[in-house]
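In what follows, a structure is listed as structure tokens, so that the remarks can point back to it.
Just so it is clear, the model here is predicted, and its values are computed rather than measured. Below, read A as the first sequence line, B as the second, and so on, with proteins coming before strands; counting in each chain starts at 1.
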There are 2 protein chains.
Amino acid sequence: MAKHDTDLSLLFHALADPTRRSILTQLAETPARVTDLAGPTGLRLPTVMRHLSVLEEAGLIATSKDGRVRTCAIVPEAFSPVRTWLDEQQAIWEARLDRLDAFVMNVMKERGK
Amino acid sequence: MAKHDTDLSLLFHALADPTRRSILTQLAETPARVTDLAGPTGLRLPTVMRHLSVLEEAGLIATSKDGRVRTCAIVPEAFSPVRTWLDEQQAIWEARLDRLDAFVMNVMKERGK
DNA sequence: GTGATAGTTAGCAGTATGGCTAAGCATGAT
DNA sequence: ATCATGCTTAGCCATACTGCTAACTATCAC
């Protein structure tokens, strides 16, 4: 349960909110300013800022400020721990199903004797 | 932003908790009773029950009661909306990067004239 | 410098989350 | 019939989340 775990919690939590997901989708299209991101959501700036903080702390976006404009961009690599975790889970239950298959095959073979 | 969206929120939220993820991992190995799941967590039964409810409402596990024992099992297909969403996002930003590539190539070609 | 623009900070309100205890209700074992 | 087991329900507590407004800072345009 190392930092690895914390990362995943941050990631999943960041992705659990529809507003944040739609912001991510928008950023997947193209980088954008905070105000541009706020527009479609219909939320107030401070609220959107909070969502952006969550996304940034999860590492899903990166932001930089130029003058008074903050530009946000997606960080595609940030999704990979999620994929990795999903793959791990899948590997575990697939291995189990394989063993189950083997067991069933064995039973059938025994029956055949 | 239909039910699809709600599903994703439920899924991501369910996955955002370390306890719930470790329960899922345990269930990926093999189905288990509530008490068996509670053991490793060190949490009290009612607390674990709550986590199980969250997982079940997200569709990640299925449970059935036989006598006084409730057995929980993972639902592997339940993960697929997550994968699908990740794939969609990836497709979007990959398309963008492709366009960017094309643009750069074009600029270089123009320069070559 | 004045004013508009883009973010930012502080703090409030309502709800949700994650833990607990205590008590209840079946079911299985003796 | 009694007792232990396995789960369930109800309800409490502290904290965290998501929205808001109001007020502030920093830049850019004139």
Side-chain angles (χ1 to χ4, degrees), chain A residues 1 3 5-27 30-74, chain B residues 1 3 5-27 30-74:
Chain A
M1 309 237 182
K3 202 204 240 162
D5 228 59
T6 305
D7 286 357
L8 275 177
S9 294
L10 283 177
L11 279 171
F12 279 124
H13 173 242
L15 296 174
D17 184 283
T19 300
R20 287 194 288 266
R21 285 199 304 280
S22 82
I23 287 176
L24 280 177
T25 301
Q26 192 178 343
L27 287 178
T30 178
R33 304 178 311 154
V34 173
T35 306
D36 294 337
L37 292 170
T41 66
L43 299 174
R44 301 293 182 172
L45 263 189
T47 306
V48 173
M49 285 292 296
R50 241 185 157 69
H51 284 303
L52 292 177
S53 308
V54 172
L55 289 170
E56 189 165 21
E57 272 169 42
L60 286 164
I61 68 171
T63 77
S64 63
K65 200 162 179 181
D66 179 23
R68 60 186 165 168
V69 173
R70 179 172 296 279
T71 303
C72 308
I74 203 166
Chain B
M1 312 231 183
K3 202 202 241 163
D5 227 57
T6 304
D7 286 357
L8 274 178
S9 294
L10 282 178
L11 279 171
F12 279 125
H13 172 244
L15 295 175
D17 184 283
T19 299
R20 287 195 288 266
R21 285 198 304 278
S22 83
I23 287 176
L24 280 178
T25 302
Q26 192 179 342
L27 288 179
T30 178
R33 303 178 311 156
V34 173
T35 307
D36 295 338
L37 292 170
T41 66
L43 299 174
R44 301 294 181 170
L45 264 189
T47 306
V48 172
M49 285 292 296
R50 242 182 146 68
H51 283 304
L52 292 177
S53 308
V54 172
L55 289 171
E56 190 165 19
E57 272 169 41
L60 287 164
I61 68 171
T63 77
S64 64
K65 199 162 179 181
D66 179 22
R68 61 185 164 169
V69 173
R70 177 172 298 279
T71 303
C72 308
I74 203 165

Length of the line joining B/I23:CD1 and C/dG18:P, which is rounded to integer Å: 11 Å
Of residues 45-53 of chain B, the positions that come close to DNA chain D - non-hydrogen atoms, cut-off under 4.0 Å: B/L45, B/P46, B/M49
Between P of C/dT17 and CG of B/L10, the distance in whole Å: 10 Å
Least distance between heavy atoms, A/A58 atom then A/L11 atom: O-CD2, 3.5 Å
Show me, pair by pair, the donor-acceptor contacts under 3.5 angstrom made by side chains of residues 34-51 of chain A, not counting sequence neighbours?
residue: A/D36; atom: OD1; partner: A/R33; partner atom: NH2; Å: 3.2
residue: A/D36; atom: OD2; partner: A/R33; partner atom: NE; Å: 3.2
residue: A/T41; atom: OG1; partner: A/A38; partner atom: O; Å: 2.5
residue: A/T41; atom: OG1; partner: A/L43; partner atom: N; Å: 3.0
residue: A/H51; atom: ND1; partner: A/R20; partner atom: NH1; Å: 3.1

Whole angstrom value for the distance that separates P of C/dG7 from CD of A/E56: 14 Å
Nearest-0.5 Å distance that lies between atom CG in A/L8 and atom CG in B/D17: 12.0 Å
Phosphate OP1/OP2 of C/dG18: any B/R44 side-chain N/O under 4.0 Å: no
Listed pairs, N/O of protein and of nucleotides 24-30 of chain D, under 3.5 Å:
residue: D/dT27; atom: O2; partner: A/R68; partner atom: NH1; Å: 3.0
residue: D/dC28; atom: O4'; partner: A/R68; partner atom: NH2; Å: 3.4

Closest non-hydrogen atom pair between B/R21 and B/L15, with its separation: NH1-O, 2.8 Å
Side-chain heavy atoms of A/I61 within contact of A/L27, under 4.5 Å: yes
Minimum heavy-atom distance A/H13-B/A16, with the two atoms named: N-CB, 3.5 Å
Any side-chain heavy-atom pair of A/E56 and A/C72 under 4.5 Å: no
Separation of D/dT5 C1' from B/D36 CG (nearest whole Å): 13 Å
Short side-chain N/O contact from A/R33 to OP1 or OP2 of C/dT5, under 4.0 Å: no
Distance, rounded to the nearest Å, where B/L43 contributes CG and C/dG18 contributes C1': 9 Å
B/L24 side chain reached by B/L55 side chain, heavy atoms, under 4.5 Å: yes
